[in-house]
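For reference, the structure is listed below as structure tokens.
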Amino acid sequence: MTEQKIFFITDSACDIPPQEEAQLDNLCILPIPVTADGEGYYERESFTAEEFYDLIERCKEIPVTSHIPSITFQERYEQAWEKGYTHLVVLTIYSGASSMYHSALMARDAFLEEHPGAMTIEVIDSKTYTYIYGHIVVKAAEMREQGESFDAIVSVVKSRFNRVEAYLGVY
């Protein structure tokens with residue numbers, strides 16, 4: 001069996017703190033596009049979480065997000081492949097509320113059409129939001145650093161996503 005070189009890709013809705021992201025060299029967090037008062041921004045690149053709240057206060061209209069285009073996912077797949085990665089685990093925000101999952105799937109299909117058999121790419125719908133799935137992404141990347149296999153990681157991630165529940169109380 002050849003060595004598995006595994007890379008993780010997620011979207012910025014995962015809310016993984018920058019200090020945790022910095023500790024993982026096998027993780028890419030793609031920024032979600034945000035439009036505020038007609039101006040385009042990218043989460044985590046154009047502003048910090050704290051600066052976003054300031055932006056909201058200044059806006060005349062509520063900012064809106066859009067999904068990451070499939071071409072952006074595909075470019076990241078290409079970059080990972082060029083760096084010698086053999087397996088990708090792509091984890092996205094809940095597909096019932098965003099097109100991110102479908103965008104990642106389209107990119108996978110386009111990449112594999114251009115490079116048949118180049119990599120194994122598993123795209124997983126988190127079925128949830130924010131650090132609820134971000135925490136699972138971090139744990140998956142840590143599993144890889146501890147030597148776990150691609151199949152073991154994917155199995156654990158899917159199991160956790162099928163069991164996680166979140167409750168929100170607004171006061």
Side-chain angles (χ1 to χ4, degrees), residues 1-16 20-35 40-45 64-164 166:
M1 184 172 150
T2 60
E3 179 188 358
Q4 295 180 339
K5 193 169 177 192
I6 304 170
F7 193 69
F8 299 85
I9 299 174
T10 191
D11 53 70
S12 59
C14 68
D15 293 329
I16 294 172
E20 282 188 61
E21 177 186 6
Q23 295 174 358
L24 300 167
D25 62 357
N26 59 349
L27 171 66
C28 171
I29 301 175
L30 296 176
I32 293 175
V34 177
T35 302
Y41 302 94
Y42 290 95
E43 276 189 336
R44 298 175 80 101
E45 288 182 1
V64 295
T65 61
S66 63
H67 69 278
I68 296 166
S70 63
I71 190 67
T72 301
F73 278 104
Q74 188 175 350
E75 288 168 354
R76 289 295 189 255
Y77 300 172
E78 293 276 350
Q79 290 170 359
W81 180 55
E82 289 169 2
K83 289 181 180 178
Y85 286 97
T86 60
H87 294 74
L88 291 181
V89 182
V90 184
L91 306 116
T92 68
I93 190 171
Y94 173 48
S95 66
S98 171
S99 297
M100 213 80 67
Y101 173 72
H102 299 290
S103 184
L105 285 175
M106 285 176 34
R108 179 198 63 195
D109 295 346
F111 174 84
L112 292 175
E113 186 175 312
E114 286 182 33
H115 310 284
M119 284 192 300
T120 301
I121 304 173
E122 183 77 31
V123 180
I124 303 171
D125 178 359
S126 71
K127 303 176 190 164
T128 191
Y129 305 92
T130 193
Y131 195 65
I132 298 164
Y133 76 96
H135 177 73
I136 295 171
V137 172
V138 169
K139 293 302 175 193
E142 289 173 352
M143 285 177 68
R144 178 58 197 153
E145 290 180 352
Q146 295 165 1
E148 291 292 338
S149 72
F150 175 79
D151 290 339
I153 293 167
V154 168
S155 177
V156 167
V157 166
K158 287 180 176 181
S159 174
R160 288 182 179 171
F161 284 151
N162 285 329
R163 293 181 288 123
V164 70

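Hydrogens, waters and symmetry mates play no part in the numbers below; they use all other heavy atoms, side chains included. Just so you know, residue 1 is the first one in the sequence shown, and it goes up from there.
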Could you measure the distance from the [atom1] atom of [X] to the [atom2] atom of [Y]? Nearest 0.5 Å is fine.
{"X": "R144", "Y": "I153", "atom1": "CZ", "atom2": "CD1", "answer": "6.0 Å"}
{"X": "K127", "Y": "K158", "atom1": "NZ", "atom2": "NZ", "answer": "9.0 Å"}
{"X": "I68", "Y": "E43", "atom1": "CD1", "atom2": "CD", "answer": "8.5 Å"}
{"X": "L91", "Y": "T128", "atom1": "CG", "atom2": "OG1", "answer": "12.5 Å"}

Would you say [X] and [Y] make side-chain contact, with heavy atoms under 4.5 Å?
{"X": "T35", "Y": "S66", "value": "no"}
{"X": "I132", "Y": "V164", "value": "yes"}
{"X": "V157", "Y": "I136", "value": "yes"}
{"X": "Y42", "Y": "V34", "value": "no"}
{"X": "Y133", "Y": "I93", "value": "yes"}
{"X": "E75", "Y": "F111", "value": "no"}

Exercise. Return the set of residues passing side chain to side chain donor-acceptor pair (under 3.5 Å) with K5 (not counting sequence neighbours), or none when no residue passes.
Key: none
Quiz prompt | Step-by-step side-chain contact (heavy atoms from CB on, under 4.5 Å) determination, H115 to E78 | solution = CA-CA 9 Å; H115 310 284; E78 293 276 350; 2.9 Å; yes
Quiz item: So among W81, Y77, F7, which one has a side-chain contact (heavy atoms from CB on, under 4.5 Å) with I121?
Solution: Y77
Quiz prompt | Working for side-chain contact (heavy atoms from CB on, under 4.5 Å), residues I16 and L27 | solution = CA-CA 11 Å; I16 294 172; L27 171 66; 4.1 Å; yes
Exercise. Keeping to residues at least two apart or across chains, list the side chain to side chain donor-acceptor pair (under 3.5 Å) pairs with something in residues 94-112.
Key: S95-D125
Exercise. Go through the steps to decide whether E145 and D25 satisfy the test side-chain contact (heavy atoms from CB on, under 4.5 Å), and finish with yes or no.
Key: CA-CA 10 Å; E145 290 180 352; D25 62 357; 3.9 Å; yes
Quiz prompt | CZ/R76: more than 12 non-hydrogen atoms of other groups inside 6.0 Å | solution = no
Quiz item: Is atom CD of E113 surrounded by more than 12 heavy atoms (other residues, nucleotides or ligands) closer than 6.0 Å?
Solution: no
If you look at every heavy atom in [X] and [Y], which pair is closest and at what distance?
{"X": "T92", "Y": "S126", "value": "O-OG, 2.8 Å"}
{"X": "E148", "Y": "I6", "value": "O-CD1, 4.2 Å"}
{"X": "F8", "Y": "A140", "value": "CZ-O, 3.5 Å"}
{"X": "A110", "Y": "Q74", "value": "CB-OE1, 3.4 Å"}
{"X": "S70", "Y": "M106", "value": "OG-CE, 3.7 Å"}

Practice problem: Give the C-alpha distance, both sets of side-chain angles, the deciding distance and a yes or no for side-chain contact (heavy atoms from CB on, under 4.5 Å) between L30 and T10. | Solution: CA-CA 6 Å; L30 296 176; T10 191; over 6 Å; no
Quiz item: Is it true that the side chains of E142 and Q23 contain a donor and an acceptor less than 3.5 Å apart?
Solution: no
Exercise. Could you tell me whether the side chains of H87 and E122 share a donor-acceptor contact shorter than 3.5 Å?
Key: no
Quick check: does any side chain N or O of [X] sit under 3.5 Å from a backbone N or O of [Y], one acting as donor and the other as acceptor?
{"X": "D11", "Y": "P31", "result": "no"}
{"X": "S12", "Y": "I32", "result": "yes"}
{"X": "Q4", "Y": "F150", "result": "yes"}
{"X": "T130", "Y": "D15", "result": "no"}

